[in-house]
Colleague: 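Structure in structure tokens, see below.
This is a predicted model, so every value here is computed, not measured.
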Amino acid sequence: MPQAPPLDIVTPTYLSTTAGDTLSVAARTTRTSQDSSSQETGVHSTEMGDTEPVSFAELLEIVTRIQTDPQVYCQYESKVFVVPCRMIGNHQNFNIERKKKKKRDRQHKDDKYVYSYIMSVNAGTSDSQGTILCHVASGVLTSFFEMEASEMRQLQKSKPEKCQQIVQEKGLKIKTTLVRLASWHLKLIYSAAEFFDTANNNHEDTSKPILQLIRRV
């Protein structure tokens with residue numbers, strides 16, 4: 001397996017594509033013509049809802065349906081999909097972003113930043129039905145970096161070279177881990193109200209992922 005390129009802290013662009021890529025910026029999911037044990041990483045279990053084991057093909061169908069039907073979206077709003085999949089391609093985008101004010105913990109006022117990592121995933125088999133755009137939860141990335149995003153942001157300002165070295169070293173570990181097939185726990189990023197709110201443009205902006213990796217076993 002070729003070595004994965006290092007992560008870089010960049011200005012968020014979500015995704016870019018080149019000729020021959022399987023992922024389209026205009027779609028959260030793509031389909032083809034055909035209709036191991038690893039270290040556990042993830043966020044605290046209190047962030048998990050009711051688990052629902054599904055195949056990758058079933059998940060692909062669900063993600064396609066919920067984007068146009070608010071009632072169906074509500075049915076899966078609190079679900080955690082348990083599905084075998086892996087990261088594919090070179091469409092990863094990593095950054096450290098400012099946390100939205102409404103999501104900040106009042107007890108941790110200094111924790112103003114989160115890790116952001118966007119990638120495409122598939123079922124990890126040769127007859128895979130397609131790909132899904134996915135966001136990795138900041139807690140999952142923190143378990144790799146062993147440093148909170150706010151600490152990393154401060155290090156980037158004070159010692160940028162050291163920061164970039166850590167990002168590249170730990171980023172390589174992240175990539176080599178996520179490309180291996182495993183059981184992923186995925187949940188919807190937005191509530192139904194947030195997703196279909198025209199003011200937020202989450203519904204129409206299909207370059208944004210709507211699924212988030214919160215645990216990998």
Side-chain angles (χ1 to χ4, degrees), residues 7 12 14-15 28-29 36-56 58-64 66-67 73-88 91-100 102-105 107-108 111-124 131-150 152 170-171 173-195 200 202 208-217:
L7 289 181
Y14 290 104
L15 291 172
R28 293 187 177 98
T29 63
S36 63
S37 123
S38 61
Q39 179 183 8
E40 178 179 334
T41 55
V43 296
H44 196 273
S45 59
T46 55
E47 294 186 28
M48 300 178 63
D50 297 329
T51 57
E52 180 166 334
V54 294
S55 68
F56 190 85
E58 290 171 327
L59 180 63
L60 189 67
E61 183 64 30
I62 290 171
V63 172
T64 302
I66 64 176
Q67 294 181 67
Y73 194 106
C74 288
Q75 295 175 16
Y76 295 100
E77 192 172 334
S78 62
K79 296 289 184 181
V80 174
F81 303 105
V82 182
V83 55
C85 56
R86 68 183 182 92
M87 181 183 76
I88 61 167
H91 295 292
Q92 304 88 20
N93 183 276
F94 173 77
N95 199 23
I96 298 174
E97 299 177 344
R98 183 175 289 276
K99 187 185 298 184
K100 293 181 180 179
K102 67 176 183 178
K103 293 185 178 181
R104 293 182 190 173
D105 187 342
Q107 295 181 350
H108 300 86
D111 188 16
K112 298 179 181 179
Y113 294 91
V114 292
Y115 293 114
S116 176
Y117 192 29
I118 298 173
M119 61 190 176
S120 53
V121 300
N122 74 359
T131 61
I132 295 178
L133 200 59
C134 181
H135 180 269
V136 184
S138 185
V140 175
L141 298 173
T142 300
S143 67
F144 283 99
F145 286 117
E146 301 176 342
M147 181 185 300
E148 295 292 339
S150 294
M152 185 74 78
K170 300 296 186 181
K173 182 180 179 181
I174 292 171
K175 288 189 173 185
T176 54
T177 299
L178 297 185
V179 295
R180 296 197 299 267
L181 184 64
S183 178
W184 287 26
H185 290 223
L186 303 168
K187 67 180 297 184
L188 293 169
I189 297 174
Y190 308 103
S191 67
E194 290 173 329
F195 184 70
N200 294 330
N202 293 322
K208 292 182 179 180
I210 61 173
L211 283 175
Q212 184 175 66
L213 168 64
I214 61 171
R215 191 183 184 201
R216 179 184 178 279
V217 228

Colleague: Supply the atom-to-atom distance Thr64 OG1 to Ile132 CD1, rounded to the nearest 0.5 angstrom.
Modeller: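 Here the rounded value is 7.5 Å.
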Colleague: Measure the CD-CG distance between Gln212 and Leu188 for me, rounded to the nearest 0.5 Å.
Modeller: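 Rounded to the nearest 0.5 Å, the CD-CG separation comes to 10.0 Å.
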Colleague: For Ser183, give me all partners under side-chain hydrogen bond (donor to acceptor under 3.5 Å, both in side chains), at least two apart in sequence or on another chain.
Modeller: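 Partners of Ser183 by the side-chain hydrogen bond (donor to acceptor under 3.5 Å, both in side chains) criterion come out as none, since no residue qualifies.
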Colleague: Out of Val136, Leu141, Thr142, which one pairs with Ser138 under the side-chain contact (heavy atoms from CB on, under 4.5 Å) rule?
Modeller: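 So, applying the side-chain contact (heavy atoms from CB on, under 4.5 Å) to Ser138 and each of Val136, Leu141, Thr142, only Thr142 qualifies.
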Colleague: Please name the pair of heavy atoms, one in Tyr73 and one in Ile66, separated by the smallest distance, quoted to 0.1 Å.
Modeller: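 In terms of heavy atoms, the two residues are closest at CD1-O, 3.6 Å.
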Colleague: Quick one: are Lys99 and Lys112 in side-chain contact, heavy atoms under 4.5 Å?
Modeller: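 Contact flag for Lys99/Lys112 side chains = no.
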Colleague: Listed by chain and number, what are the ring-ring contact (aromatic ring centres under 6.0 Å, His included) partners of Phe81, not counting sequence neighbours?
Modeller: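 Phe81 satisfies ring-ring contact (aromatic ring centres under 6.0 Å, His included) with Tyr76 once adjacent residues are dropped.
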Colleague: What distance separates Ser143 OG from Arg215 CZ, expressed to the nearest 0.5 Å?
Modeller: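 One finds 12.0 Å between OG of Ser143 and CZ of Arg215.
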Colleague: When rounded to the nearest 0.5 angstrom, what is the spacing between CD in Glu194 and CD in Glu77?
Modeller: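 One finds 8.5 Å between CD of Glu194 and CD of Glu77.
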Colleague: Looking at side-chain heavy atoms only, is the closest gap between His185 and Val217 below 4.5 Å?
Modeller: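 They are in contact (side-chain heavy atoms under 4.5 Å apart), so the answer is yes.
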Colleague: How long is the span from the CD1 atom in Ile88 to the OG atom in Ser120, to the nearest 0.5 Å?
Modeller: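 The CD1 atom of Ile88 sits 4.5 Å away from the OG atom of Ser120.
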Colleague: Could you give me the CA-CA distance, side-chain angles and deciding distance for Tyr115 and Met147, then say whether side chain to side chain contact (heavy atoms under 4.5 Å, CB included) is met?
Modeller: CA-CA 10 Å; Tyr115 293 114; Met147 181 185 300; 4.2 Å; yes
Colleague: Is there a side chain to side chain contact (heavy atoms under 4.5 Å, CB included) between Val140 and Tyr117? Walk through the geometry before answering.
Modeller: CA-CA 10 Å; Val140 175; Tyr117 192 29; over 6 Å; no
Colleague: Checking Thr51 side chain against Val80 main chain: does a donor-acceptor pair fall under 3.5 Å?
Modeller: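 Not at all, since once roles are kept as given, no pair shorter than 3.5 Å links the two residues.
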Colleague: I need the minimum non-hydrogen distance between Cys134 and Trp184, along with the two atoms involved.
Modeller: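 Taking every non-hydrogen atom into account, SG-CZ3, 4.5 Å.
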Colleague: Picking from Leu178, Asn122, Val121, what satisfies side-chain contact (heavy atoms from CB on, under 4.5 Å) with Arg86?
Modeller: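 The option that passes is Asn122.
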Colleague: Looking at every heavy atom in both Ile118 and Leu133, which two are closest together, and how far apart are they?
Modeller: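 Heavy atoms of Ile118 and Leu133 come nearest at CG2-CD1, 4.0 Å.
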Colleague: So, for Val63 and Gln67, which heavy atoms are closest and what is the spacing to 0.1 Å?
Modeller: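 Heavy-atom minimum between the residues: O-NE2, 2.9 Å.
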Colleague: With heavy-atom distances below 4.5 Å as the criterion, would you say the side chains of Ile214 and Leu186 are in contact?
Modeller: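 Not in contact.
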Colleague: Are Phe94 and Phe145 close enough that their ring centres sit under 6.0 Å apart?
Modeller: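 They qualify: ring centres under 6.0 Å apart.
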Colleague: Evaluate Lys170 against Glu146 for side chain to side chain contact (heavy atoms under 4.5 Å, CB included), listing each step before the verdict.
Modeller: CA-CA 9 Å; Lys170 300 296 186 181; Glu146 301 176 342; 3.9 Å; yes
Colleague: Could you pull out the closest heavy-atom pair between Leu181 and Ala123, with the gap in Å?
Modeller: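 Taking every non-hydrogen atom into account, CD1-O, 3.3 Å.
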Colleague: Who passes salt bridge (Lys or Arg N to Asp or Glu O under 4.0 Å) against Glu52, sequence neighbours left out?
Modeller: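 Here the qualifying residues are Lys79.
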Colleague: Tell me every residue that passes side chain to side chain contact (heavy atoms under 4.5 Å, CB included) with Gln75, counting only those two or more places apart in sequence or in another chain.
Modeller: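 Checked Gln75 against side chain to side chain contact (heavy atoms under 4.5 Å, CB included); zero matches.
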Colleague: Pro209 and Ile189: which non-hydrogen atoms are nearest, and at how many Å?
Modeller: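 Looking at all heavy atoms of both residues, the closest pair is O-CD1, 3.5 Å.
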